[in-house]
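The chains referred to below are lettered A, B, ... by the order of the sequence lines, with proteins before strands, and numbering in each begins at 1. Values reported hereafter were calculated over all heavy atoms of this structure, with side chains retained and with hydrogens, waters and symmetry mates removed.
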Amino acid sequence: MTAAALDDVDLQAYFDATIAAGHRIEPRDWMPDGYRFGLIRQIAQHAHSEIIGMQPEGDWLLAAPSLRRKAILLAKVQDEAGHGMYLYSAAETLGADRADLTDKLIERRQKYSSIFNYPSLTYADVGVIGWLVDGAAICNQVPLCRSSYGPYARAMIRVCKEESFHQRQGYELLMTMMGGTDAQRAMVQDAVDRWWWPSLMMFGPPDDDSPNSAQSMAWGIKRHSNDELRQRYVDMSVPQAEFLGVTLPDPELSLDPETGHYRFGAIDWAEFQRVIGGHGPCNDERIARRRAARDDNAWVTEAATAYAEKYS
Amino acid sequence: MHEETVYDALDQAHGGEGHWAFGTGFDDPLAGVDTTVPDGVDPADLGTYCLMLGDDALVLAPRLTRWVTRAPELEEEVALANVALDLLGQARLLLARAGSVGVLGRSRTLAGGTIPDEDALAYFRDPDEFRCAALVVAPNGDFAQTLVRLLAAATWRLALFSRLRDSRDPVLAAIAAKGVNELAYHRDHAGRWVLRLGDGTAESHRRAQAGVDAVWPLLADLFTATDVEARLTAAGVAVDPATVRDEVRAVLDEVLTRATLRLPDWPADVAPSGRLGRHGPELPALLGDLQGLARAHPEATW
Ligand SMILES: [Fe+2]
Ligand SMILES: [Fe+2]
């Protein structure tokens, strides 16, 4: 056995012990390639979701029906850009390059959350996205505050604080609308009808069909299974829906007195596969917008680089 | 369990509004400020003047917001959103001030009773009741033109706001005092981009120059007082726009020179038109999108 190989064994043992002790891996620490590349993929897809997720709500910035709502929405969309930036930075600590990750998004070589491929049709969608989509994101992300990778865990703590505010803002908008006119109440119910099922898909495929999960759990970059998190989200959302006065569009939704959890109907995984595979209602326009932002403004980035070089 | 602790911590972290940008708060933006109109000032004039300054911000904000999800860099989306949030905050305070002195025009009869004055004014006035300058109404053009326009608008507004800190109207003075820090950042941010673009590549130089050439004619009516501004200037409430002309020109001259851009001739001063409610077709188009939803539901609360 060569010295280098011996070193690898020691490093692997040290890495394994760090994970087993629940301590964090930091950028300069040795890590297996699978861990590094798995994390880059996970963090990049998370970052892409933040950035693409700006679009469905951002489309309402101009028409937001009060100045206070407009300011709240703008602050929220701006937060999401910030989330994308922290996450791309976390990926860069693993050796990734942000421009390259953006290219992968635009060339559809990396995915983002399927939920953002649905259109936002009325202003109630802004509230429902805050309540359900940010709510589901929180369920997914709070456990990641304990991710074994330090920069990711720290980014998640900051992101989760803001997501929690987004969720409350969304819910508060819906409460206000439910206390408004009949047309507003109808808008809220319609938005809930359209977003509920896609929000359940945000937790990813069922556990028996989730290929990367076991290794991710062992490495501490995933803390709970997709189905566990989905169940937690449903249990959290049903009472909130009741309090709001809307009906969730699932006739099978009922409290199981034995387990204390809500049972829910079958998710249309064929639809999920279609949307994640690029054939949802808005995939093309979401990607086209980012492509145009990159390509039509390439001259700006080139100018900034040239100027910085000239005066460095 | 660990997660529950994290959730609790999240809840406590949100006691205050600190996280949110200025202007997003829940409270009446003028709560606690003395709104008495100073002696010898016509409330209608004061309200109209607030609309002029408020509408400039209200109309420029969505132009900048348009770049969010479309900008060359994420950092720039955040920065332009910040500028827009500041402007939106200024617009809200100014429109609320106009409303507080009774300048609401037809809007109050169209808007439902639960709609606050700031929204009645923003959403239920027709284009000819808007008093913004042509400089802010013009479409964005490309990134260079957007930043040149922002530079010009922020320079002009900063010059006005710096002087308005001494206004006899305590509300205007307070709004101006808060606004100058924001506007100084806006001017700085835009100025840095104009330098980078002017002195960057041949392509960016060409575009920045084209932006300057497109924006410069819009400076023609910024420095001529309307009757309302003249009366309020005499009363110590407003700033005579003619008094900021030299400062604005000097700042723009310096930035353009450093950016290696050619300084076009200054357009001759002309009589105000936007300030009197006369606008080109771009304003009705913008307001159609901005106001459509609110107007479709005049009895709604949002
Ligand atoms: Fe986010
Ligand atoms: Fe969010």
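Remark: Leu74(B) CG to Glu80(A) CD distance equals 12.0 Å, nearest 0.5 Å. Rounding to the nearest 0.5 Å places OG1 of Thr301(A) at 11.0 Å from CZ of Arg196(B). Atom CG of residue Asp142(B) and atom CH2 of residue Trp299(A) lie 4.5 Å apart, to the nearest 0.5 angstrom.
At most 12 non-hydrogen atoms from other residues, nucleotides or ligands lie less than 6.0 angstrom from CZ of Arg192(B). Heavy-atom contacts from other residues, nucleotides or ligands closer than 6.0 Å to CZ of Arg154(A) number more than 12.
Between Leu67(A) and Leu95(B) the shortest side-chain heavy-atom distance falls below 4.5 Å. For the pair His297(B)/Met177(A), no side-chain contact is recorded, criterion being any heavy-atom separation below 4.5 Å from C-beta on. For the pair Thr122(A) and Leu293(B), the minimum side-chain heavy-atom distance is 4.5 Å or more.
The candidate from Arg98(A), Glu163(A), Met54(A) with the greatest count of non-hydrogen atom pairs under 4.5 Å with chain B is Arg98(A). Between chain A and the options Pro72(B), Ala71(B), Ala122(B), Gly200(B), heavy-atom pairs under 4.5 Å are most frequent for Pro72(B). Ranked by heavy-atom pairs under 4.5 Å with chain A, the list Glu73(B), Gln291(B), Arg207(B) is led by Arg207(B). Counting heavy-atom pairs closer than 4.5 Å to chain B, the top residue among Leu173(A), Ile51(A), Val77(A) is Ile51(A). Ranked by heavy-atom pairs under 4.5 Å with chain B, the list Leu74(A), Leu61(A), Thr176(A) is led by Leu74(A).
Contacts between Ile52(A) and chain B at a heavy-atom distance below 4.5 Å are absent for every atom of the residue. Of the atoms belonging to Tyr123(B), it is side-chain heavy atoms, and not backbone ones, that fall under 4.5 Å from chain A. Contact annotation for Leu195(B): both backbone and side-chain heavy atoms come within less than 4.5 Å of a heavy atom of chain A. Both the backbone and the side chain of Ala84(B) have a heavy atom closer than 4.5 Å to some heavy atom of chain A. Of the atoms belonging to Ala144(B), heavy atoms from both backbone and side chain fall under 4.5 Å from chain A. With a 4.5 Å cut-off on non-hydrogen atoms, Arg69(A) touches chain B through its side chain but not through its backbone. Of the atoms belonging to Met175(A), not a single heavy atom falls under 4.5 Å from chain B. Heavy atoms of Glu299(B) lying under 4.5 Å from chain A belong to its backbone as well as its side chain.
The backbone N or O of Arg70(B) sits less than 3.5 Å from a side-chain atom of Asn297(A), completing a donor-acceptor pair. A donor-acceptor contact shorter than 3.5 Å is absent between the side chain of Lys70(A) and the backbone of Leu88(B). Counting only distance, with no hydrogens or angles, the side chain of Asp289(B) and the backbone of Ala63(A) share no donor-acceptor pair below 3.5 Å. Side chain of Gln55(A) to main chain of Thr69(B): no donor-acceptor pair is present (N/O by atom type, distance under 3.5 Å, no hydrogens or angles).
Nearest approach of Thr301(B) to Gln184(A), heavy atoms of both residues: O-NE2, 2.7 Å. Val78(B) and Ala81(A) make their closest contact through CG2-CB, 3.6 Å (heavy atoms, listed as atom of the first residue, atom of the second, distance). Across Ser66(A) and Asp119(B), no two heavy atoms sit closer than the pair CB-OD2, 3.2 Å. In plain terms, the two heavy atoms of Arg92(B) and Arg68(A) that are nearest each other are NH2-CB, 3.5 Å. The two residues Leu85(B) and Ala71(A) have their closest heavy-atom pair at CD2-O, 3.5 Å. The minimum heavy-atom distance between Trp302(B) and Pro65(A), with the atom names listed, is CD2-CG, 3.3 Å.
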Check the pair Leu286(B) / Leu62(A) against side-chain contact (heavy atoms from CB on, under 4.5 Å), numbers first and verdict last. CA-CA 9 Å; Leu286(B) 178 72; Leu62(A) 184 53; 4.0 Å; yes
